[in-house]
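Reminder, nothing fancy here: chain letters follow the sequence lines and each chain counts from 1. Since this is a predicted model, take the numbers as computed values, not measurements.
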Amino acid sequence: DSGVTQTPKHLITATGQRVTLRCSPRSGDLSVYWYQQSLDQGLQFLIQYYNGEERAKGNILERFSAQQFPDLHSELNLSSLELGDSALYFCASSVLGLAGGNEQFFGPGTRLTVL
Amino acid sequence: KNEVEQSPQNLTAQEGEFITINCSYSVGISALHWLQQHPGGGIVSLFMLSSGKKKHGRLIATINIQEKHSSLHITASHPRDSAVYICAVPTEMYSGGGADGLTFGKGTHLIIQP
């Protein structure tokens with residue numbers, strides 16, 4: 001158990017809908033990352049937040065948005081869903097400020113199926 | 001943007017064999033990550049290393065910064081080692097600002113047969 005929690009575990013929805021995925025980082029971790037894993041694209045970095053502020057953006061679509069709240073949990077909002085958005089969405093957390101990079105601890109993932 | 005290449009893509013071996021998985025990347029980095037993903041989907045961080053060698057149980061990771069290459073070794077492999085092993089590096093060269101979303105290799109599917 002990494003200490004990172006994600007809800008829900010599974011989500012089935014229809015095209016055009018909007019969903020919210022939730023992540024709680026490990027106690028003490030200030031940074032949250034969101035990743036998408038699909039069969040055709042593999043694992044891709046979406047976005048990173050640090051202590052409530054956006055720190056880095058990866059391959060995140062305009063239909064997707066995220067935020068990190070004062071209690072450090074984070075939400076990833078996916079809207080106007082398409083079939084191709086079906087994937088595993090992982091959240092990870094780390095403690096920033098370490099020289100040379102930061103070990104990331106992954107949550108169990110949310111499996112999104114868009115029908 | 002950093003590119004990550006892993007080899008082999010698939011590896012089947014017998015229990016007890018010494019396993020090596022290789023990873024190459026294109027841009028200088030601050031640290032490289034080795035991750036393990038089990039069939040259930042969960043991802044576990046195995047190593048983060050920036051130089052030399054690290055060992056944890058039967059797992060050994062090495063990195064050569066000059067050659068932009070890392071290897072993951074498994075000694076005395078066991079069927080429970082069967083998983084996907086993924087190499088990852090920071091997406092942008094480390095600037096010290098803490099922006100370090102990862103770029104991933106395609107993974108090595110390892111099967112250890114009893």
Looking at [X], I'd like to know if its [atom1] atom is crowded, meaning that more than 12 non-hydrogen atoms belonging to other residues, nucleotides or ligands lie closer than 6.0 Å.
| X | atom1 | answer |
| --- | --- | --- |
| H109(B) | NE2 | no |
| L115(A) | CG | yes |
| R111(A) | CZ | no |

Given a strict heavy-atom distance threshold of 4.5 Å, which part of L32(B) is in contact with chain A: side chain, backbone, both, or neither?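 Neither part; nothing is under 4.5 Å.
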Given ring pair (Phe, Tyr, Trp, His ring centres under 6.0 Å), test F104(B) with F45(A) step by step and report yes or no. CA-CA 9 Å; F104(B) 300 85; F45(A) 167 58; 8.8 Å; no
At what distance, to the nearest 0.5 angstrom, does [atom1] of [X] lie from [atom2] of [Y]?
| X | Y | atom1 | atom2 | result |
| --- | --- | --- | --- | --- |
| F106(A) | Q36(B) | CZ | CD | 12.5 Å |
| T103(B) | N59(A) | OG1 | CG | 8.0 Å |
| L43(A) | K106(B) | CG | NZ | 11.0 Å |

Under a 4.5 Å heavy-atom cut-off, does chain B meet the side chain of F90(A), its backbone, both or neither?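 When you check distances to chain B, only side chain atoms of F90(A) fall under 4.5 Å.
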Starting from L46(B), can I reach V89(B) by hopping between I/L/V/M/F/W/Y residues whose side chains sit under 4.5 Å apart?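 Yes, same cluster.
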Establish whether L11(B) and W34(B) are linked, either directly or via other cluster members, by ILVMFWY side-chain heavy-atom contacts under 4.5 Å.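 Yes, it is one cluster - the side chains of L11(B) and W34(B) are joined through contacts under 4.5 Å.
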Go through the steps for M48(B) and Q104(A) under the test side-chain contact (heavy atoms from CB on, under 4.5 Å), then give the verdict. CA-CA 9 Å; M48(B) 187 189 75; Q104(A) 296 183 25; over 6 Å; no
Sequence neighbours left out, what passes salt bridge (Lys or Arg N to Asp or Glu O under 4.0 Å) with R18(A)? Give chain and number order.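 Partners of R18(A) by the salt bridge (Lys or Arg N to Asp or Glu O under 4.0 Å) criterion come out as none, since no residue qualifies.
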Between Y33(A) and L102(B), does the side-chain contact (heavy atoms from CB on, under 4.5 Å) criterion hold? Intermediate values first, please. CA-CA 9 Å; Y33(A) 312 77; L102(B) 299 175; over 6 Å; no
